[in-house]
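Reminder, nothing fancy here: chain letters follow the sequence lines and each chain counts from 1. Note that these values count all heavy atoms, side chains included, but never hydrogens, waters or copies made by symmetry.
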Amino acid sequence: MSAPDQRPNKARTVPERPSLEGLEAKWDAVWEAEGTYRFDRRRDRAEVYAIDTPPPTVSGSLHLGTVFGYVQFDSIARFRRMCGKEVFFPVGWDDNGLPTERRVQNHYGVRCDPTLPYQPGLVVDPQPDGRRPVARRTFIELCEALTAEDERTFEQVFRDVGLSVAWELTYTTINERSRRVAQRAFLRNLARNEAYPSEAPTMWDVDFQTAVAQAEMEDRPTTGAYHRLAFHRADRSVVEIDTTRPELLAACVAVVVHPSDARWRELVGTEVTTPLFGVPVPVVTHDLADPEKGTGAAMICTFGDSTDVVWWRELDLPLRSVVQRDGRLQAERPEWLTSEAAARAWDALGGRTTKAARSAIAELLAAAGELVGEPRPIEHEVKYYERGDRPLEIVTSRQWYIRNGARDPQRRGALLEAGRALSWHPEFMRVRYEHWVGGLNGDWLISRQRYFGVPFPVWYPLDAEGNVAHDEPIPADEASLPIDPQSEPPPGYTEAQRGQPGGFVGDPDVMDTWATSSLSPEIACAWEDDPDLFSRTFPMDLRPQGPEIIRTWLFSTVLRSQLEHASLPWTDVSINGWILDPDRKKMSKSKGNVITPTALVAEHGADGLRYWACRGAPGTDTAVDPAQMRVGRRLSIKILNASKFVLSMAAAGGQVTEPLDRSMLARLASVVTAATAAFEAYQYHQALDVTESFFWSFCDDYLELVKSRAYGEAAGPAGPTESARAALALALSTLLRLLAPFLPFVTEEVWSWWQDGSVHRAAWPGADELGGGADDDDPVLLDVVAEALAAVRRTKTAEKRSLRAPVARLEIVDTPARLAAVRAAEGDLRQAGNVGELVLVEGTDPSIVVELAPEVA
RNA sequence: GGGCGCUUAGCUCAGUUGGUUAGAGCGCAGCCUUCACACGGCUGAGGUCGUGGGUUCGAGUCCCGCAGCGCCCACCA
């Protein structure tokens, strides 16, 4: 595997002044040339560790949070690789979908106009403030060009931070294989009746002009106002109704009250008329009507919110739609507004945005004496598309859905069971999945009325009059995928029949980005395209991801896998925490507190950045902390210097005979055991902690104690010097391998000074390598001696003397066992502390008395 | 409205199955030009573990209530 010629420092020398400068570029180039992280597809499934990595959204700059999460599971990947697994570590770029479209619109100053003809070779210069219309195909070309550029930048960041990615496996969510996989999976869903089209009320973003799925909505506190409207009974008496959306009054189809609400009992079953428009509407009852809200009577409009949809559907009410897809009330007067007063009122409302219409109708109502009191401002939660700026409206449209268990208890139960079968890290994240599955209120809406995405691979026949037969979709042939129904005809038709009576039209929509990325295991593992690779990688081992996309990416991946393969897509899920800025606020672009990974690598080094990330526990929010990165950098420098020192003495192969050396190795063996157990439990931060602690005490105590002996003249193959030198070699080799998953650059650098090949392909250390198991190896021995040494240092510091200052007399009172430990390392202790007389006294009251020699002038 | 997580030294955090004087780093103070490291080392000060109860021989660790912070979900008239 390795190509030694590529390796710098093949002479294996220790540099005079080791440095961290330039290690990132140097080792990235070597790893690339040697294929250190390349995936060996000859290995079978049991030998592979496959990671379903989260494709970062390609929309400008790479978020530090992405790097944070990636570094964490990269440490796990590196651990598994060193344990002998062949790690399947692809990266995907999520360049498919709305974020890309928006970035292209802003970057080039264009908008997509699908009615324009395509002009091949058209060059579009960026024009920041423009909104120039371009053809659909030109728009897609711009998306492809810009994402390709961004992806190169992203890859460089990932290389700079030392991710052990198998770059040859890279995919994008819009590339040919992804389109083919997404279309194939959809066609199979369609054939099994798991996907279906439906014309129904849907949540609609009026700016993006597309339908939006439940998973992409969020509530935002929004200022509104209760308007108390005067509806009228037949006897002209008033029924007061509160609404926050008076502009939808024309869309009112009924008034609803709770069946048990005595206040309205005699009204139920009668009709009241709407203010201003005089339209008669029935008074109906429904359990969802809340007597506590407003006056207890609500107007039902088609549609103001999702409760309206429920009422409309369950109470079988008529449809009176007035809001258009652009978020404006229709200009044309609705046919059910028949009175002259109603027509006049509509003149003031039609064509206006809902927001403008709201204040306009409030004025009309007030002028007509139909507004009771003043509007009362309130702050309430309103649904938005998570990327949108204006509240969602509800419009009726034709969309594609995938059955997700919302309307099928059996499927919902199976999905909950899948959540229980997964291993979650940390465990408590599982409930988020369960809540989401339990709370699903509709099938998954996967179609978007956009351009840069995977097209639906279907067409519709046109009848003799040119009407579209939506109920008879013509599916594409699987062998033809990926296809674009806008530019290719369906089987059995010619392109000339497009749009002609008796011909066909292509489905104009594209799939939501989650409909593609929910298939990331199938895309990465080359489902159907490469059955051999698929059999070696699927189902995968680990899905690492952020907590905010449990309801989208995680859930939808489980769903698609269950539908397609009747299996889980992976066995383990690891959820990382948030990145918080130093004020403990979630970092986000809109808050302007984003720090770029590149700047941090430049300042603290990749290993410094990685150290900080790996200190964050799985699922735990972590503050961006440059101080921690400095600590990581300092640790890296210490590794360079300590290693240089150790290598000036170390010699592998000798017998480790001295009790102090064996004690150190015994302690190190317990560190190996603990770090291994932590990694296996996905607790990488604990592995780092236990290793780092040992490393510092190794430097501060063991190296100080042993250096004189190790420097000494060789005293035969089994002598004390050989023992020290062999122990140092063993310890350094072990420590470098323990630290390699966290600090890949500095450990590789040091490894290259004295070892062949990459530390990242070296075997993970085992406790047995360290001569563990011997009963007389007491890890406490080192502690006892280190305590005595610390006491010596403490005295010298207190006396303001140099640490080299001679100790005339050192008296230690302790138990026989601990005195024996000191005696076993007496020579090392005297050398390290520059101790003259050493007196060991048995006693029950332990003490250490240090008498310094007088200072010589 | 429901749920999850967090609350340990000035700051950022560890604290495994409850067990002797609660740990680390940063910061702070003092000391040391030590022949691996001044991009350093050594030493030290600093905490009634959010709050009120309970279980226990023993609780930061388990149970109940409360508060603050963060997040997720919710049909939001």
Using the P atom as the point on both nucleotides, what is the distance between U7(B) and G46(B), in whole Å? 24 Å
When the C1' atoms of C37(B) and C32(B) are compared, how many Å lie between them, rounded to an integer? 14 Å
Compute the ring centroids of F742(A) and F695(A), then answer whether they are less than 6.0 Å apart. no
For E386(A), does the CD atom have more than 12 heavy-atom neighbours from other residues, nucleotides or ligands under 6.0 Å away? yes
N/O to N/O distances under 3.5 Å, protein versus nucleotides 17-22 of chain B:
none

W264(A) atom CH2 is separated from A77(B) atom C1', nearest whole Å, by 13 Å
Suppose we screen for side chain to side chain donor-acceptor pair (under 3.5 Å). Which residues come up paired with E21(A), at least two apart in sequence or across chains? R633(A)
Between C42(B) atom C1' and L705(A) atom CG, what is the distance in whole Å? 14 Å
For Y226(A) and for S19(A), find the nucleotide of RNA chain B with the closest heavy atom, then tell me which residue's nucleotide is more 5'. S19(A)
Return the set of residues passing side chain to side chain donor-acceptor pair (under 3.5 Å) with R320(A) (not counting sequence neighbours), or none when no residue passes. none
Counting only heavy atoms and a strict 4.0 angstrom limit, can you tell me which residues of residues 673-689 of chain A come near RNA chain B? H685(A), Q686(A)
State whether E799(A) and R801(A) are salt-bridged, where the test is any N-O pair (Lys NZ or Arg NE/NH1/NH2 against Asp/Glu carboxylate O) under 4.0 Å. no
Expressed as a whole number of Å, how far does the C1' atom of G44(B) sit from that of G27(B)? 14 Å
Interatomic spacing from CD in E548(A) to CG in N576(A) - rounded to 0.5 Å: 7.5 Å
With a non-hydrogen cut-off below 4.0 angstrom, is K383(A) in contact with a base, only sugar-phosphate, or nothing? base
With 3.5 Å as the limit, what N/O pairs link the protein to nucleotides 1-8 of chain B?
| from | atom 1 | to | atom 2 | distance (Å) |
| --- | --- | --- | --- | --- |
| G3(B) | O2' | H435(A) | NE2 | 3.4 |

Taking ring pair (Phe, Tyr, Trp, His ring centres under 6.0 Å) as the cut-off, I'd like each qualifying pair that reaches into residues 600-632 of chain A, sequence neighbours left out, listed once. F68(A)-W612(A)
Report yes if a side-chain nitrogen or oxygen of K293(A) is closer than 4.0 Å to either non-bridging phosphate oxygen (OP1 or OP2) of A77(B); otherwise report no. yes
For C75(B) and N441(A) - does any side-chain N or O of the residue sit under 4.0 Å from the phosphate oxygens OP1/OP2? yes
Residues two or more places apart in sequence or in another chain: which of them pass ring-ring contact (aromatic ring centres under 6.0 Å, His included) with Y684(A)? none
Testing H227(A), K293(A), R228(A), M299(A) for side chain to side chain contact (heavy atoms under 4.5 Å, CB included) with D242(A), which one passes? R228(A)
Taking CZ from R430(A) and C1' from C71(B), how many angstroms apart are they, rounded to a whole number? 19 Å
Rounded to the nearest 0.5 Å, what separates atom CG in L392(A) from atom OG in S306(A)? 10.5 Å
Okay, side chain of D443(A), backbone of N404(A): is any donor-acceptor separation there less than 3.5 Å? yes
Over how many whole Å does the gap from L229(A) atom CG to A77(B) atom P extend? 14 Å
Is D308(A) salt-bridged to R313(A), cutoff N-O under 4.0 Å? no
Residues that E370(A) engages under side chain to side chain donor-acceptor pair (under 3.5 Å), provided they are two or more places apart: H232(A)
Which part of the nucleic acid, if any, lies within contact of D625(A), taking any heavy atom under 4.0 Å across all strands shown: a base, the sugar-phosphate backbone alone, or nothing? sugar-phosphate
Closest to the side chain of E704(A), out of A36(B), A74(B), U43(B), is A36(B)
In whole Å, measure the gap between the P atoms of C62(B) and G5(B) for me. 11 Å
Would you mind reading off the distance between D290(A) atom CG and A74(B) atom C1', rounded to a whole angstrom? 14 Å
Side chain of A623(A) (C-beta onward), nearest among C42(B), A77(B), C13(B): C13(B)
In Å and rounded to the nearest 0.5 Å, what is the CG to OG1 distance from L738(A) to T691(A)? 4.5 Å
Same-atom distance (P) from G41(B) to C35(B), integer angstrom: 14 Å
Does the side chain of E379(A) come under 3.5 Å of the side chain of T223(A) through a donor N or O and an acceptor N or O? yes
Check RNA chain B for consecutive Watson-Crick or G-U pairs with both distances under 3.5 Å and list the runs of at least three as stems. B:1-7 with B:67-73, B:10-13 with B:23-26, B:28-32 with B:40-44, B:50-54 with B:62-66
Nearest to the S306(A) side chain among U43(B), C73(B), C75(B), which nucleotide is it? C75(B)
Nearest 0.5 Å please: distance from the CZ atom of R794(A) over to the CG atom of L789(A). 10.5 Å
Roughly how many Å apart are A22(B) and C49(B), using the C1' atom of each and rounding to a whole number? 8 Å
From the options A77(B), C73(B), C37(B), select the nucleotide whose nearest atom is closest to the side chain of W436(A). C73(B)
Side chain of T244(A) only, please: which of A36(B), A77(B), C39(B) is the nearest? A77(B)
Does the Lys NZ or Arg CZ of R220(A) fall within the cation-pi geometry relative to Y384(A) - under 6.0 Å from the ring centre and within 45° of the axis? yes
Please measure how far the C1' atom in C63(B) lies from the corresponding atom in U20(B), and state the result in whole Å. 25 Å
Nearest-angstrom distance, P atom, C66(B) to A74(B): 25 Å
Starting at atom CD of E692(A), determine the distance to atom P of G23(B), rounded to an integer number of angstrom. 18 Å
Name the nucleic acid region contacted by W311(A), choosing base, sugar-phosphate or nothing; use a 4.0 angstrom heavy-atom cut-off, strictly under. base
Sugar-phosphate or base contact per nucleotide [nucleotides 26-31 of chain B; S, B, -; heavy atom under 4.0 Å]: S---BS
Base, sugar-phosphate or nothing for S648(A)? Non-hydrogen atoms, less than 4.0 Å. nothing
With sequence neighbours excluded, residues passing side chain to side chain donor-acceptor pair (under 3.5 Å) with R432(A): none
Please work out if E427(A) contacts a base, only the sugar-phosphate, or nothing of the nucleic acid, heavy-atom cut-off 4.0 Å. nothing
Scan for side chain to side chain donor-acceptor pair (under 3.5 Å) pairs involving residues 634-648 of chain A, sequence neighbours excluded, and state none if there are none. none
